[in-house]
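What you see is a predicted model; the values in this text were computed from it and never measured. Numbered from 1 within each chain, the chains take letters A, B, ... in sequence-line order.
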Amino acid sequence: MPELPEVEVTRISFADRIAGAQIVEARMGKPLRWPLNCPPNALAGMHVLAVRRRGKYLLLDLDQGLLLVHLGMSGSLSFMLEPPAPGKHDHFELRTSQGVLRLNDPRRFGAVVFAANEVDPVAQRLLGKLGMEPLDDGFDAKLFHQGLARRKAPIKQVLLAGDVVVGVGNIYASEVLFLAGIRPSTPASRLSRPRAARLHQAIRDVLTRAVERGGSTLRDFSNAQGEAGHFQLDAMVYARDGLPCKVCNAPIRTMRQGQRSTFFCGQCQNA
DNA sequence: AAAAGCCCCTGGATGC
DNA sequence: TGCATCCAGGGGCTTT
């Protein structure tokens with residue numbers, strides 16, 4: 001579910017409120033994608049200094065380490081002063097001096113992992129091969145083009161892979177390619193410098209707007225204050241199979257790429 | 001080295 | 001109503 005905008009919106013919605021808090025107690029429910037690699041008790045007493053994001057990972061900086069949180073497909077966080085009793089799908093919880101951070105994740109593709117710091121092998125295994133941050137100044141159009149140049153796979157799948165640029169998931173990959181006028185099946189290496197530059201700009205535009213709109217809520221996403229997002233209403237192609245293109249009226253088409261659905265306009269995206 | 005497939009898991013929507 | 005099937009916002013791992 002959560003792509004970069006949803007993760008960033010989540011981060012913004014609780015980072016300031018949890019900063020400075022001391023962890024009173026941590027508890028795990030059912031196992032997530034990876035087991036928490038330390039006893040939950042070991043986190044007690046530590047302080048949360050800040051919350052950062054790298055790709056789709058949330059990084060909780062602690063005074064004695066780093067907690068990496070991934071929301072997988074169906075995860076969402078909440079941060080509340082007085083939360084209700086844990087539900088069936090609440091699988092991780094940090095009780096702190098400033099509120100309770102809780103991870104709800106029905107499918108349990110999410111994860112919470114502890115590392116000593118960012119260069120710890122545990123962290124590097126997850127973060128080491130991530131590509132450029134699309135909303136950072138370091139996301140350079142020329143570097144982006146160079147990254148695409150050595151990949152022959154379809155551009156949609158190169159975007160999803162996250163080793164050239166991070167954070168673009170299944171919704172935003174379709175949206176970004178529509179905005180850039182690029183067919184999702186085009187081999188990444190076949191994009192000219194100007195077309196790669198156009199895609200580079202589309203990624204920045206779409207992700208920025210999606211963050212401003214509070215992310216996309218397809219079924220159950222909400223930020224840490226329980227608020228849904230609205231970007232799905234702005235989607236030009238995602239989940240619009242058969243509906244008229246908002247630009248040219250041609251029916252939006254769908255196809256499967258790497259076991260995932262892709263949506264595109266055959267008219268607006270013709271190369 | 002890169003690409004393609006598989007799989008982890010639960011739940012909602014759809015079809016018979 | 002019940003049951004089977006398909007699909008869903010991710011991504012690491014294994015196989016080609």
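Distance noted for atom C1' between B/dA3 and C/dG9: 23 Å (whole Å). C/dG11 and B/dG11: their P atoms are spaced 22 Å apart (whole Å).
Aromatic ring orientation, A/Tyr57 versus A/His70: perpendicular (interplanar angle above 60°, classes split at 30° and 60°). The aromatic rings of A/Phe139 and A/Phe144 lie perpendicular to each other, with more than 60° between the two planes, well past the 30° mark.
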Donor-acceptor contacts under 3.5 Å from residues 258-271 of chain A side chains, at least two apart:
| from | atom 1 | to | atom 2 | distance (Å) |
| --- | --- | --- | --- | --- |
| A/Ser261 | OG | A/Arg256 | NH1 | 2.9 |
| A/Thr262 | OG1 | A/Lys156 | NZ | 2.8 |
| A/Thr262 | OG1 | A/Gln257 | OE1 | 2.7 |
| A/Gln269 | OE1 | A/Cys265 | N | 2.7 |
| A/Gln269 | NE2 | A/Leu177 | O | 3.4 |
| A/Gln269 | NE2 | A/Ile182 | O | 2.9 |
| A/Asn270 | ND2 | A/Gln267 | O | 3.2 |

Output side-chain donor-acceptor pairs under 3.5 Å for residues 31-44 of chain A, partner residues at least two apart or in another chain, one line each.
| from | atom 1 | to | atom 2 | distance (Å) |
| --- | --- | --- | --- | --- |
| A/Asn37 | OD1 | A/Phe114 | N | 2.7 |
| A/Asn37 | ND2 | A/Phe114 | O | 2.7 |

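Judged by distance alone, the side chain of A/Arg95 and the main-chain N or O of A/Ala26 form no donor-acceptor pair under 3.5 Å. Of the possible polar contacts, none joining the A/Glu133 side chain to the A/Val166 backbone as a donor-acceptor pair under 3.5 Å is found. For the pair A/Asp136 (side chain) and A/Gly138 (backbone), a donor-acceptor distance under 3.5 Å is absent.
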Using a cutoff of under 3.5 Å, can you pull out all pairs of nitrogen or oxygen atoms linking the protein to nucleotides 11-15 of chain C, with atom names and distances?
| from | atom 1 | to | atom 2 | distance (Å) |
| --- | --- | --- | --- | --- |
| C/dG11 | OP1 | A/His70 | NE2 | 2.8 |
| C/dG11 | OP2 | A/Lys56 | NZ | 2.9 |
| C/dG12 | OP1 | A/Tyr57 | OH | 3.2 |
| C/dG12 | O4' | A/Arg33 | NH2 | 2.9 |

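Using modelled atom types and a 3.5 Å distance limit, the side chains of A/Asp105 and A/Ser74 yield a donor-acceptor pair. A/Asp120 and A/Gln124 share no donor-acceptor pair across their side chains, judged by distance under 3.5 Å alone.
Projected onto DNA chain B by closest heavy-atom contact, A/Lys152 and A/Lys30 fall at different nucleotides, the more 5' of which corresponds to A/Lys152.
A/Ser261 has no side-chain polar atom (N or O) that falls below the 4.0 Å cut-off from OP1 or OP2 of C/dC7.
Across A/Ser97 and A/Ala21, no two heavy atoms sit closer than the pair OG-CA, 3.5 Å.
Counting only Watson-Crick or G-U wobble pairs whose defining distances are both under 3.5 Å, the stems of 3 or more consecutive pairs in DNA chain B are B:2-8 with C:10-16, B:10-16 with C:2-8.
Residues of residues 104-114 of chain A having a heavy atom closer than 4.0 Å to DNA chain B, listed by number: A/Pro106, A/Arg107, A/Arg108, A/Phe109.
A/Leu218 has its CG atom 10 Å from the P atom of C/dG10, to the nearest Å. Distance CD (A/Gln257) to P (C/dG9): 13 Å, rounded to an integer number of Å.
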Stepwise side-chain contact (heavy atoms from CB on, under 4.5 Å) test for A/Phe14 and A/Asn223
CA-CA 8 Å; A/Phe14 82 102; A/Asn223 68 25; over 6 Å; no
Check the pair A/Ser185 / A/Met255 against side-chain contact (heavy atoms from CB on, under 4.5 Å), numbers first and verdict last.
CA-CA 10 Å; A/Ser185 54; A/Met255 65 179 173; 4.1 Å; yes
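Here the range on DNA chain B touched by chain A, meaning any atom under 4.0 Å from one of its heavy atoms, is B/dA3 to B/dG11.
Backbone-only contact: A/Lys88 has heavy atoms under 4.0 Å from sugar-phosphate atoms and none from a base. Within 4.0 Å of A/Gly258, counting heavy atoms only, lies no atom of the nucleic acid at all.
Taking the ring centroids of A/Phe178 and A/Tyr238, they lie at or beyond the 6.0 Å cut-off.
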